[in-house]
Amino acid sequence: MKSTQADCNVTIIGAGPYGLSAATFLSAAGIETRIFGEPMSFWETQMPAGMCLRSNWGASHIADPGGTLTLDAYCLDQGNHMPKPIPLNRFVSYGHWYQRKAVPGLDRRQVQMVDDDARGFRVRLDDGEQFISRRIVVATGIGAFTARPAVFDNIPSEFASHSSEHKDLRKFEGRRVVVIGAGQSALESAALLKEAGIAAEVIARRDYINWVGLHPRLHRLGWMSRLLYSKRDVGPAGLSRLVAAPHLFRRFPRTFQDRAAYRAIRPAGAAWLKMRLTGVPITIGRNVVSAAVSGSRLRLGLDDGQQRVVEHALLATGYRVDISRYAFLAESLRRRLQIVNGYPILRRGLESSVPGLHFLGKPASWSFGPLLGFVSGAEFASTELTRQIRSANGSH
Ligand SMILES: Cc1cc2nc3c(=O)[nH]c(=O)nc-3n(C[C@H](O)[C@H](O)[C@H](O)COP(=O)(O)OP(=O)(O)OC[C@H]3O[C@@H](n4cnc5c(N)ncnc54)[C@H](O)[C@@H]3O)c2cc1C
């Protein structure tokens, strides 16, 4: 047991949906908590303007213990209506509203380093301030984990960039853009490019595009729908229920968990995008095997010998969790973390192999299943975290 001579009990790093929700639950439980980060900054700066959320209304509330800070409460408070699907800018405003209401003490500074200390963890902020915290909750999301196909490794960013690098896709006006990927981000980026009058083509490795929400009737069957789908809205009929129960999900054999997790979050586009993509060429079952800059153009070679000559490749190729890319974790801590495929192995309370160091959000999904990659998993994460810290602190 570590000494209690720390300056602070719990430090949360990150102020996205998970960090904000955790701060609210911990404070409600009377646990002294500090939280750092720019609220909702991943959503604000690393997703394209004009985007809509793929998760449905019921799965997009940022959880709080009383259930009073929902999207509905936000709309009521602001006296305005929110369309469905939820527009990105409105969700960001909701997140800021939640923060002002529930986490007014948020500190916008960045955490630069977290290191081991006999009393807990030493935290250094970007302005040099340091303090000791008994526990650290990492809620810094996936922003550090961008994945790019190796074939683009030597291509300058002017010609190939990850989708997370763009806030405003209108910057590609007058250029031809190839969008690489088959998920929501690729398909929605292509739709937004088309709507801005920019010539776009989607190229995807997969042989088909998965669409979700093609059968809305299945969600309107009353008790039967409730039996098939959890309100958390992660995964297809049936599996959705299991994914929503992370403690049960993690009891299944690893091979089943991996297969089920892939099925629940495989690349897919929301059905409402289909119409918006009319007229956008979608080339499926093809891999880009070569990329070279030639003058002001980018020449792409596909695995069937076809070529594309464009001005830019937008890599909507997702994220691969690798917590060693969290630069703020000191080497000494990283060495003590048990990791599988880049994910920390977590036990109850989402606590890692380093006692007192917790991970929320997507990095927790190897241990607790795919729910943890979505806003709707924050209620589970916050409840679980709070319960464990309370019991470790000896209060009930
Ligand atoms: C294009 C796209 C669309 C998506 N759409 C949906 C959707 O519709 N529904 C859904 O549920 N999920 C969606 N997701 C998944 C989404 O990323 C997660 O649901 C959500 O962001 C998880 O919240 P989080 O709090 O874990 O992470 P984030 O929202 O990424 O928040 C992490 C925060 O940590 C901060 N931070 C990072 N490093 C530091 C540091 N060193 N010091 C201080 N602060 C730091 C960041 O600034 C950021 O604010 C989408 C993802 C993408 C990429």
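Both counts, for ligands and for their atoms, begin at 1 and track the order of listing. In what follows, every heavy atom counts, from backbone to side chain, and hydrogens, waters and symmetry copies are set aside.
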Can you list, pair by pair, the side-chain donor-acceptor contacts under 3.5 Å of residues 362-374, counting residues two or more places apart and other chains?
from	atom 1	to	atom 2	distance (Å)
Ser365	OG	Lys362	O	2.7
Ser367	OG	Leu346	N	2.8

With heavy atoms of [X] as the reference, note each atom of ligand 1 found under 4.0 Å away.
X      : answer
Gln110 : 39 (C), 40 (C), 41 (N), 42 (N), 43 (C), 44 (N), 45 (C)
Gly373 : 15 (C), 18 (C), 19 (O)
Phe328 : 41 (N)
Ile13  : 40 (C), 42 (N), 43 (C)

Under a 3.5 Å cutoff, is there a donor and acceptor pairing between the side chains of [X] and [Y]?
X     : Y      : answer
Glu44 : His96  : yes
Asn80 : Gln78  : no
Ser21 : Glu379 : no
Ser60 : Asn56  : no

Considering heavy atoms of the protein only, find what lies nearest to [atom] and give residue, atom and distance to 0.1 Å.
atom                    : answer
atom 22 (C) of ligand 1 : Tyr18 CD1, 3.8 Å
atom 48 (C) of ligand 1 : Ser41 OG, 3.5 Å
atom 13 (C) of ligand 1 : Trp43 CH2, 3.6 Å
atom 30 (O) of ligand 1 : Phe42 CB, 3.2 Å
atom 52 (C) of ligand 1 : Met47 CE, 3.6 Å
atom 42 (N) of ligand 1 : Val111 N, 2.9 Å
atom 27 (O) of ligand 1 : Gly141 CA, 3.4 Å
atom 38 (N) of ligand 1 : Thr140 CG2, 3.3 Å

May I ask you to identify, for [X], whether its side chain, its backbone, both or neither come under 4.0 Å of ligand 1 on a heavy-atom basis?
X      : answer
Ala139 : backbone
Ala15  : backbone
Phe374 : both

inquiry  = Check this for me: does any side-chain nitrogen of one of Arg170 and Glu173 sit under 4.0 Å from a carboxylate oxygen of the other?
reply    =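 Salt bridge between Arg170 and Glu173, a charged N being under 4.0 Å from a carboxylate O: no.
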query = Do Phe131 and Phe36 have ring centres separated by under 6.0 Å?
reply =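 That pair passes the under 6.0 Å test.
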inquiry  = In this structure, is the centre-to-centre distance between the rings of His162 and Tyr319 below 6.0 Å?
reply    =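 They qualify: ring centres under 6.0 Å apart.
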ask   = So, is the end of the Arg250 side chain (NZ or CZ) under 6.0 Å from the ring centre of Phe252 and within 45° of the ring's axis?
value =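 No, cation not above the ring by the 6.0 Å, 45° rule.
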inquiry  = Just verifying a value: how many Å separate Thr11 OG1 and Ile35 CD1, rounded to the nearest 0.5 Å?
reply    =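 Spacing of OG1 (Thr11) from CD1 (Ile35) equals 10.5 Å.
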Check whether any heavy atom of [X] sits under 4.0 Å from an atom of ligand 1.
X      : answer
Cys52  : no
Tyr319 : yes
Pro17  : yes
Met51  : yes

message = For atom 35 (C) of ligand 1, which of the options Ala316, Pro363, Gly14 provides the nearest non-hydrogen atom?
response =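 Minimum heavy-atom distance to atom 35 (C) of ligand 1 goes to Gly14.
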ask   = Of all heavy-atom pairs between Pro236 and Ala264, which one has the smallest distance, and what is that distance?
value =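 Heavy-atom minimum between the residues: CD-CA, 4.2 Å.
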Between ligand 1 and [X], is the shortest N or O to N or O distance under 3.5 Å?
X      : result
Arg54  : yes
Glu38  : yes
Val375 : yes
Ser55  : yes

query = Should the pair Phe91 and Tyr94 be assigned to parallel (<30°), tilted (30 to 60°) or perpendicular (>60°) ring geometry?
reply =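 Phe91 vs Tyr94 ring planes: tilted.
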query = For Glu158, which residues count as a salt bridge (charged side-chain N to carboxylate O under 4.0 Å, His left out) partner, sequence neighbours excluded?
reply =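 Result, salt bridge (charged side-chain N to carboxylate O under 4.0 Å, His left out) vs Glu158: none returned.
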ask   = Which residue, Asp7, Asp115, Asp117, Asp116, forms the salt bridge (charged side-chain N to carboxylate O under 4.0 Å, His left out) with Arg122?
value =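 That would be Asp117; it is the only one of Asp7, Asp115, Asp117, Asp116 passing the salt bridge (charged side-chain N to carboxylate O under 4.0 Å, His left out) with Arg122.
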